[in-house]
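Reviewing the structure listed below.
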Amino acid sequence: MNAVGMTEEKMREEIISDLSLNMFVEAGAGAGKTTLIVSRIVNMLSADVEPGEIVVITFTNAAAEELRTRITDKLSRAAKNNPDLKDKLHRLNEMNISTIHSFCNVLLHEQGLMTKLPIDLEMLQDDEEKQEKKE
């Protein structure tokens with residue numbers, strides 16, 4: 001049992017099914033985070049949450065693409081006999097699945113005028129960041 005008295009199985013079930021809470025899922029590699037998150041998102045879409053209301057933030061572009069692919073696959077299977085899910089499947093591009101850096105970059109661009117940031121603000125790439133640090 002964990003610190004709040006739940007078994008791992010119960011915690012996994014809650015992540016998938018308790019749609020009343022926002023979730024932060026943290027676990028080591030191979031623990032099944034992606035599977036849980038994919039199941040949760042398909043449940044959310046099945047429960048009348050719109051794709052544009054869902055934000056999924058991860059640390060790497062590869063993880064974001066893996067999530068997008070697996071969500072699409074699972075939703076495709078679930079949508080075979082459900083017209084509402086078919087519509088949501090066609091609008092999955094409205095869902096924000098990105099890295100923390102990309103998500104923050106979008107926020108900064110959207111809110112840039114309020115924060116008095118330059119309009120041409122751009123996110124540094126790794127090689128650019130290294131060069132900036134050298135300078």
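What you see is a predicted model; the values in this text were computed from it and never measured.
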Under 4.5 Å between side-chain heavy atoms, hopping through other hydrophobics if needed: is there a path connecting Phe103 to Ile41?
no
With a 4.5 Å heavy-atom cut-off, do Met95 and Leu45 have their side chains touching?
yes
For the student: nearest non-hydrogen atoms of Ile97 and Ala64, plus distance:
CG2-O, 3.5 Å
How many angstroms lie between CD1 in Ile71 and OG in Ser76, if you round to the nearest 0.5 Å?
11.5 Å
From CD1 (Ile15) to CG (Asn43), nearest 0.5 Å
12.5 Å
Residue set satisfying salt bridge (Lys or Arg N to Asp or Glu O under 4.0 Å) with Arg70, at least two apart, ordered chain then number -> Glu66
Minimal heavy-atom distance between Arg91 and Glu50, with the atoms involved, is NH2-OE1, 2.5 Å
Side chains of Thr99 and Ile57 in contact at under 4.5 Å (non-hydrogen atoms):
no
Identify whether Leu19 and Leu75 are in the same connected component of the hydrophobic contact network (ILVMFWY, side-chain heavy atoms under 4.5 Å).
yes
Heavy-atom neighbours of Asn81 CG exceed 12 at 6.0 Å:
no
What is the distance from atom OG of Ser102 to atom CG of Asn96, rounded to the nearest 0.5 Å?
8.5 Å
OG of Ser98 to CZ of Arg68: how many Å apart, nearest 0.5 Å?
8.5 Å
Ignoring hydrogens, what is the shortest heavy-atom contact between His90 and Lys86? Give both atom names and the distance.
ND1-O, 2.7 Å
Close side-chain approach of Leu36 and Lys33, heavy atoms under 4.5 Å
no
Minimum heavy-atom separation for Asp18 and Arg40, please, with both atom names.
O-NH1, 2.9 Å
State yes or no: do Val56 and Ile100 share one hydrophobic cluster built from I, L, V, M, F, W and Y residues joined by side-chain heavy-atom distances below 4.5 Å, directly or via other members?
no
I need the Ile16 CD1 to Ile37 CD1 distance, nearest 0.5 Å.
10.5 Å
Measure the CG-OG1 distance between Leu67 and Thr58 for me, rounded to the nearest 0.5 Å.
6.0 Å
Show your reasoning for whether salt bridge (charged side-chain N to carboxylate O under 4.0 Å, His left out) applies to Asp84 and Lys88.
CA-CA 6 Å; Asp84 291 336; Lys88 289 180 181 181; over 6 Å; no
Could you tell me whether a side-chain N or O of Glu65 sits under 3.5 Å from a main-chain N or O of Ala62, the two making a donor and an acceptor?
no
